[in-house]
Amino acid sequence: MQVFKFGGASVKDAESIKNVAAIISKYKDQELLVVVSAIGKTTDKLVEVTKNYVNQTGNAFVHLNTVKHDHFNILKQLFETENHPIFDEIANCFVEVEWILEEEPQDSFDYLFDQIVSLGEILSSKVLAAYCQLSDISTRWVDARDYILTDNTYTEANVDWEKTEDKIRRDIPFILDEHVIITQGFIGSTSENFTTTLGREGSDYSAAIFASCLNVEDITIWKDVPGVLNADPKWFDQTELIPELSYTDAIELTYYGATVIHPKTIKPLQNKKITLNVRSFINPEKNGTKIRTTNQTLPIPSFIFKVNQVFINIQPRDFSFIVEDNLSHIFSLFHQSRIKINMMHNSAISFSVSIDDTGENVLKLLEDLEKRYKVSVASGLELITIRYYNQQTLDRVLVNKEIIRELKDSYTCQLLVKNIDE
């Protein structure tokens, strides 16, 4: 039994969907569950639908129609006739969102976000399932919301593992006896049957949930890169494939911001000792990277770059120190603002962090912090994290850079820097 996950880049157009179906076809006689993300940039477009709807700009339907046009254009390239049932299925999916947009918004932004943005995965999975069926793959479309059960923390829902595992184990193995299952990443549902999402890029996590609950042997995440690389090709002309990676190193890399795997994905797999393969849908014959239990450390230094960083230094206004009460209050403000800390350092008199510049919620955080603390801010910075660093790697990344803050332990170095010419 295996679980495959295909991201948005792998199903971005008709030819890509045909390629995914060809990969699935090679495994169609095995027990296989396939998790798929929204097509291409659909999620970003549906976010714009949500924002325009909540702000009542009058453009929500314009953005939705763009998504609709994209999907029907793909359908026309995949299916010979528009009489195929998939055309009506996809049209009905859009009607459900259109009903929401026809009324004035009454609910919270996060709730509306999940009801609207989740459409992307429903659409892509239905299209892929229909095309696989057309390609003589015995396929069953399954709604992930019937199986991944969560609380009502919209946009960042927490999985009810006990109920989810019970539901998956009760039904899914019997379906897999006869069919390849096509289902969605990113989405779940509450006990009231309202749709929730698991956080951006949460499709990897969805695949890990199914894999863990089914006790599969391995899971494969299909990417547009050869596997896990030691650096993002956006930043380095020359990168190296890491053929094998321990769960610990994978967790560390995702914690510090490596984007090849979603941070929540690793732990459920580690708990069950399920091997995670990261392979290329462009070159599916290649082995890629295996992540599993191993004592082997990373064979080469790995680099993670995060740009548009904001450095915040916090000091008490009174005569107190940065101790438990102050830290508890500070962390609660970050939590309320849903801001992830990428780097932090504290001393007796100050607490400093590096965070992503995410706009309005950062401004609100600063406003709340300044009510109680002295706050200084620097923006436009870059955070460089090196796992298994050495002096040569440090020299390599610090050309024309000034260090604002540096943190080191035995294996990892974090450098918050700015360009010298700024």
Side-chain angles (χ1 to χ4, degrees), residues 2-3 5 7 35 158-159 161 165 198-223 225-233 235-236 239-280 287-306 340-345 353-354 383-394 397 406-416:
Q2 293 188 77
V3 171
K5 181 264 175 177
V35 173
N158 299 296
V159 175
W161 278 92
E165 189 164 17
L198 307 179
R200 290 298 299 266
E201 309 299 331
S203 292
D204 288 359
Y205 186 38
S206 298
I209 293 167
F210 278 108
S212 175
C213 293
L214 291 168
N215 291 315
V216 303
E217 295 177 6
D218 59 21
I219 173 176
T220 301
I221 295 177
W222 297 88
K223 309 284 288 186
V225 291
V228 178
L229 305 175
N230 74 318
D232 191 325
W235 302 105
F236 281 83
T239 59
E240 293 185 52
L241 175 71
I242 302 171
E244 185 173 80
L245 198 59
S246 70
Y247 291 119
T248 300
D249 280 329
I251 290 170
E252 289 282 350
L253 291 175
T254 57
Y255 172 79
Y256 288 116
T259 57
V260 72
I261 307 162
H262 190 273
K264 293 180 181 177
T265 301
I266 306 298
K267 195 57 183 171
L269 304 178
Q270 183 185 29
N271 291 346
K272 296 288 185 72
K273 292 183 169 56
I274 297 169
T275 298
L276 169 58
N277 301 296
V278 181
R279 296 173 63 186
S280 168
N287 290 328
T289 299
K290 287 187 180 296
I291 300 173
R292 57 188 176 185
T293 300
T294 175
N295 293 324
Q296 182 176 331
T297 59
L298 281 170
I300 48 177
S302 291
F303 302 82
I304 301 162
F305 288 77
K306 295 180 77 69
K340 177 182 178 292
I341 297 173
N342 299 323
M343 175 189 190
M344 61 182 171
H345 176 264
V353 299
S354 175
L383 179 62
I384 305 168
T385 303
I386 309 173
R387 182 81 171 153
Y388 296 107
Y389 65 94
N390 54 40
Q391 190 58 47
Q392 182 182 0
T393 60
L394 296 180
V397 300
E406 177 179 3
L407 294 179
K408 289 181 179 178
D409 63 23
S410 300
Y411 301 106
T412 305
C413 176
Q414 286 192 290
L415 302 163
L416 187 65

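The first residue in the sequence is number 1, and the count goes up from there.
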query = Going from OG on Ser354 to CD1 on Ile341, what distance comes out if it is rounded to the nearest 0.5 angstrom?
reply = 10.0 Å
CA sep, side-chain torsions, deciding dist, call: Ile219, Gln2, side-chain contact (heavy atoms from CB on, under 4.5 Å) = CA-CA 6 Å; Ile219 173 176; Gln2 293 188 77; over 6 Å; no
task = Kindly indicate, with the supporting measurements, whether the criterion side-chain contact (heavy atoms from CB on, under 4.5 Å) is fulfilled by Lys223 and Ser280.
result = CA-CA 5 Å; Lys223 309 284 288 186; Ser280 168; over 6 Å; no
inquiry  = What I'd like to find out is whether the side chain of Lys290 reaches to under 4.5 Å of the side chain of Pro243, using heavy atoms alone.
reply    = no
request  = Give a yes or no on this: more than 12 heavy atoms of other residues, nucleotides or ligands lie within 6.0 Å of atom CG of Asn271.
outcome  = yes
ask   = Are Glu252 and Ile266 side-chain neighbours, meaning at least one heavy-atom pair lies under 4.5 Å?
value = no
message = For a 4.5 angstrom cut-off between non-hydrogen side-chain atoms, does Thr289 reach Asn277?
response = no
ask   = What's the spacing between Glu244 CD and Arg292 CZ if we round to 0.5 Å?
value = 4.0 Å
task = Kindly give the heavy-atom pair with the smallest separation between Tyr205 and Pro268, and that separation in Å.
result = CE1-CG, 4.2 Å
inquiry  = Under 4.0 Å between a side-chain nitrogen and a carboxylate oxygen: does that hold for Glu165 and Lys272?
reply    = yes
inquiry  = Pair Leu383, Gln414 - check side-chain contact (heavy atoms from CB on, under 4.5 Å), show working.
reply    = CA-CA 7 Å; Leu383 179 62; Gln414 286 192 290; 3.8 Å; yes
query = Between Glu217 and Ile274, is any pair of side-chain heavy atoms under 4.5 Å apart?
reply = no
task = Compare all side-chain heavy atoms of Lys267 with those of Tyr247 and state whether any distance is below 4.5 angstrom.
result = no
inquiry  = Within the structure provided, determine whether Ile300 and Tyr388 are in side-chain contact (heavy-atom separation under 4.5 Å).
reply    = no
inquiry  = Applying side chain to side chain contact (heavy atoms under 4.5 Å, CB included), can you list everything that pairs with Thr254, at least two apart in sequence or on another chain?
reply    = Ile261, Pro263
ask   = Of all heavy-atom pairs between Gly288 and Leu241, which one has the smallest distance, and what is that distance?
value = O-CD2, 4.1 Å
request  = State, to 0.1 Å, how close Ser302 and Leu253 come at their nearest heavy-atom pair, and which atoms those are.
outcome  = CB-CD2, 4.0 Å
note = The reported gap from OG1 in Thr239 to CG in Asp232 (rounded to nearest 0.5 angstrom) is 9.0 Å
message = Test side-chain hydrogen bond (donor to acceptor under 3.5 Å, both in side chains) on Arg387 and Thr412; report intermediate values, then the result.
response = CA-CA 5 Å; Arg387 182 81 171 153; Thr412 305; 2.9 Å; yes
key: Rounded distance (nearest 0.5 Å) linking atom CG of Leu276 with atom CD of Gln270   = 11.5 Å
request  = Please check if any side-chain donor atom of Asp249 sits under 3.5 Å from a side-chain acceptor atom of Tyr411, or the reverse.
outcome  = no
message = Tell me if the NZ atom of Lys340 is crowded by more than 12 foreign heavy atoms within 6.0 Å.
response = yes
query = To the nearest 0.5 Å, what is the distance between NZ (Lys306) and CG (Leu416)?
reply = 12.5 Å
request  = Search all heavy atoms of Leu415 against all heavy atoms of Val397 and return the closest pair with its distance.
outcome  = CD1-CG2, 4.0 Å
Output side-chain donor-acceptor pairs under 3.5 Å for residues 206-213, partner residues at least two apart or in another chain, one line each.
| residue | atom | partner | partner atom | Å |
| --- | --- | --- | --- | --- |
| Ser206 | OG | Phe186 | N | 2.7 |
| Ser206 | OG | Gly202 | O | 3.3 |

request  = Just do the side-chain contact (heavy atoms from CB on, under 4.5 Å) check on Ile304 and Ile386 with the steps written out, would you?
outcome  = CA-CA 6 Å; Ile304 301 162; Ile386 309 173; over 6 Å; no
query = Can you name the closest pair of heavy atoms from Asn230 and Pro301 and give their distance?
reply = ND2-O, 3.3 Å
